[in-house]
Amino acid sequence: MASADSSRPVRVRFAPSPTGELHIGGARTAIYNWAFARSHGGSFILRIEDTDPERSTEENKQVILRSMKWLGLDWDEGPEKGGNFGPYLQTERFNTYTDALEQLKKADAVYPCFCTKEELDAKRAQAESSEGGYSGYDRTCRSLSKEEAQARIDAGEPHVWRLKVPENHGPIEFEDAVYGHMSFPIDVMDDMILVRSDGTPTYNFAVVCDDTNMEITHVIRGDDHLSNTPRQILIYEALGKPVPTFAHLSMILGADGRKLSKRRNATSVEEYAKKGYLPDALVNFLALLGWSLDGETTIIDRNTLCSHFDLDRITKKDAIFDETKLEWMNGSYIQTMGASAWVDAVEPFLVEAGLCTAEDISENRSWFEALYPLVAERSKLLGDAVEKLSFIFDGPTVHLDEKSVNKVLKKEGSRADEVLRAVRDILADTSIAWECDPLQDTCRTLTETLDLKAKFIFQPIRVAVTGSQVSPPLFESIELMKREDVVARIDYTLHEVFGD
RNA sequence: GGCCUCGUCGUCUAGCGGUUUAGGACGCCGCCCUCUCAAGGCGGAGAUCGCCGGUUCGAAUCCGGUCGAGGCUACCA
């Protein structure tokens, strides 16, 4: 029975392969590993599994590192950081795999196999179409004598190294921290290839070597590896190394209930950053996709996550990624993030939209921070600020939304022209402080002067000043604009709509 | 084909044999607040716990079967 050595200090790792960007599923796996390390006083290791030269790229590696940093998942050991168990790129660890292979050769736990890929494919194809079906490599080369095998190796014949699955081994069992007791019959275990004919390690072999050498205590990974686990346990046993605790994570599905795919869904962390999500929100949301604190709490900050995360509250069921809820959560984080952090986060969006430059922001920092209350509780995504605030940057004229003009200014009996003329005089009156409250209070007196409901006073002002019947709070916005611009906008509207 | 999983409101989930008329969150609907939109507050609809049997005084919770979904079964990771 495989069991973990609980006396060792907790060491976990996130091991992406740079064959693509960091996607949502990988991000969640990373978050769980990170949070587990933090909540157990352990180490979080980042290892890049780049043994597939065909698909691995340096660019992808950089994107992954960038996304990890953006998410705020700091690693204790790994690329750029180093550590006592490096290197942290598999391509730089080949000597450790050959060392392990030598050890297995000495222990007579592996054997060379000379069957070619073509022969294997043919055998498998034939077996699959026959009655019993395919049940793994037929072990042709396992019965080769030592001498014959060595002679063929010496003759330069291409060969792989296969694990000699033990004859008298009971079922392979382990306690998965998420799925519970697992048991796999030994007779369905293939004599899997550990080292390819070109000398490179296969995935299952490389992971086990790395995880043992890096003294990983808990392997938290996607459940597509659940069926690989018994194979890996066999390798741990052959190596005579302690088997870590495994925790397998269910899959994240798209809204259509199907596997997330680049074609149908936004899948990479980078895309979510560009869409205006906050790292805190994404971490919170992803943490809750398959894990719960208590079933009640939904807003969970990093500190809470890092102190309370544990494996026993992870769900087994696949989860559907519901972006609507992510949006809500992001809005919630925007509401509480504070003006300063908001300005930093929203800057690229404002600049991108051409509303201002980075210099404008650094020179008028406090003015930009004053914008925050106008949109904080009205934004789901950072970029929402652009649409809501653009009118403020428009100067002495503003684009008048036709629908709003018709509905508010030209409405039968609204007396919007009277209202605007009166308001114009109030706003132009320099004896009234250019501040939210005095301006608003003075305008409100018009409800009595003109005998109109507040709505009929304020909505015309809103359309004239912001161009639309929907906007952030009126006088809070006006306060942040120049008096001459606001007055000019009212004159402009009066002229455009009423021909003044 | 073989092996291994998973299955509670539309979605994320709580639930670990009785305290459950199955709780919370998002979304949806209504009301309140209100200068618009939001935010916030309050309330509502929404799950016979995939299905069928069994165990039990009692099951979403335990067991068996079944259906559906998924993973692995590569000289990919």
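Quick note on labels: first sequence line is chain A, next is B, and so on, each numbered from 1.
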query = According to a strict under-4.0 Å criterion, is A:K316 in side-chain N/O contact with OP1 or OP2 of B:rC6?
reply = yes
inquiry  = Atom CG of residue position A:D187 - does it have more than 12 heavy atoms of other residues, nucleotides or ligands inside 6.0 Å?
reply    = yes
Under 3.5 Å on both distances, the Watson-Crick or G-U partner of B:rC37 = none
task = Let me know the distance between CG of A:L374 and P of B:rU36, rounded to the nearest Å.
result = 16 Å
task = Return yes if a side-chain donor-acceptor contact under 3.5 Å exists between A:T298 and A:K325, otherwise no.
result = no
ask   = What's the CZ-P distance between A:F285 and B:rU11, to the nearest Å?
value = 13 Å
ask   = Where each residue is assigned the nucleotide of RNA chain B containing its nearest heavy atom, which of A:V188 and A:E377 is assigned the position nearer the 5′ end?
value = A:V188
message = Say we look at B:rU48 and B:rU8: how far apart would their C1' atoms be, to the nearest angstrom?
response = 12 Å
Strand partner of B:rC42, provided both Watson-Crick or wobble distances fall under 3.5 Å = B:rG30
request  = Describe the nucleic acid contact of A:M182 in one word from base, sugar-phosphate, nothing, applying a heavy-atom distance below 4.0 Å.
outcome  = sugar-phosphate
remark   = Reading nucleotides 70-77 of chain B from 5' to 3' and marking B where a protein heavy atom lies under 4.0 Å of the base, S where only the sugar-phosphate is that close, and - otherwise, the string is -BSSSBBB
Sequence-distant partners of A:F393, ring-ring contact (aromatic ring centres under 6.0 Å, His included), two or more places apart = A:W367
query = Separation of A:I392 atom CD1 from B:rC37 atom P, in whole Å?
reply = 19 Å
ask   = Mapping A:V470 and A:T324 onto RNA chain B by nearest heavy atom, which one lands closer to the 5' end?
value = A:T324
inquiry  = Looking at A:K455, I'd like to know if its NZ atom is crowded, meaning that more than 12 non-hydrogen atoms belonging to other residues, nucleotides or ligands lie closer than 6.0 Å.
reply    = no
key: Validation row, ring centre A:F475 to ring centre A:F458 under 6.0 Å   = yes
ask   = Roughly how far, to the nearest 0.5 Å, is CG of A:L65 from CG of A:N60?
value = 11.0 Å
More than 12 heavy atoms of other groups within 6.0 Å of A:E448 CD = no
task = Could you check which nucleotide pairs with B:rU56 in any of the strands shown, counting Watson-Crick or G-U wobble with both distances under 3.5 Å?
result = none
message = Expressed as a whole number of angstroms, how long is the span from A:F321:CZ to B:rU13:P?
response = 12 Å
key: P spacing across the pair B:rG50 / B:rU13, given as an integer number of angstrom   = 15 Å
message = In whole Å, measure the gap between the C1' atoms of B:rA22 and B:rA14 for me.
response = 10 Å
key: Nearest-Å distance once atom P is located in both B:rU19 and B:rA59   = 11 Å
task = List the steps and the verdict of salt bridge (charged side-chain N to carboxylate O under 4.0 Å, His left out) for A:R55 and A:D52.
result = CA-CA 6 Å; A:R55 302 191 295 148; A:D52 182 354; 3.0 Å; yes
task = Have a look at A:S183 and say if it touches a base, only the backbone sugar-phosphate, or nothing, with a 4.0 Å heavy-atom cut-off.
result = sugar-phosphate
Spacing of the P atoms in B:rA69 and B:rG64 (rounded, Å) = 23 Å
key: Six-ring centre of A:F456, A:K453 cation under 6.0 angstrom, axis tolerance 45°   = no
request  = Sticking with atom P, work out how far B:rC63 lies from B:rG24, rounded to a whole angstrom.
outcome  = 29 Å
key: Integer angstrom distance from the P of B:rA25 to that of B:rC42   = 10 Å
request  = Run the salt-bridge test on A:K380 and A:E387 with the 4.0 Å N-O cut-off and return the result as yes or no.
outcome  = no
remark   = In Watson-Crick or G-U wobble terms, with both distances under 3.5 Å, the base opposite B:rG68 is B:rC6
message = Checking side chain to side chain contact (heavy atoms under 4.5 Å, CB included) between A:W291 and each of A:I31, A:I300, A:V178, which is the one that passes?
response = A:I300
inquiry  = Does a side-chain N or O of A:S292 approach OP1 or OP2 of B:rA14 to a distance below 4.0 Å, or not?
reply    = yes
Under-4.0 Å side-chain N/O to phosphate OP1/OP2 contact, A:R313 with B:rG15 = yes
query = Rounding to the closest angstrom, what is the interatomic distance between B:rU21 and B:rU11 at atom P?
reply = 25 Å
task = With a 3.5 angstrom cut-off on both distances, give the Watson-Crick or G-U wobble partner of B:rU61, or none if there isn't one.
result = none
request  = Can you tell me the distance, in whole Å, between the CD1 atom of A:I24 and the P atom of B:rU11?
outcome  = 20 Å
query = Atom CH2 of A:W291 and atom P of B:rA25: how far apart are they, to the nearest Å?
reply = 18 Å
note = Any strand, both distances under 3.5 Å, Watson-Crick or G-U wobble: B:rA74 pairs with none
Under 3.5 Å between N/O atoms: give me all the protein pairs with nucleotides 41-48 of chain B, atom names plus distance.
none

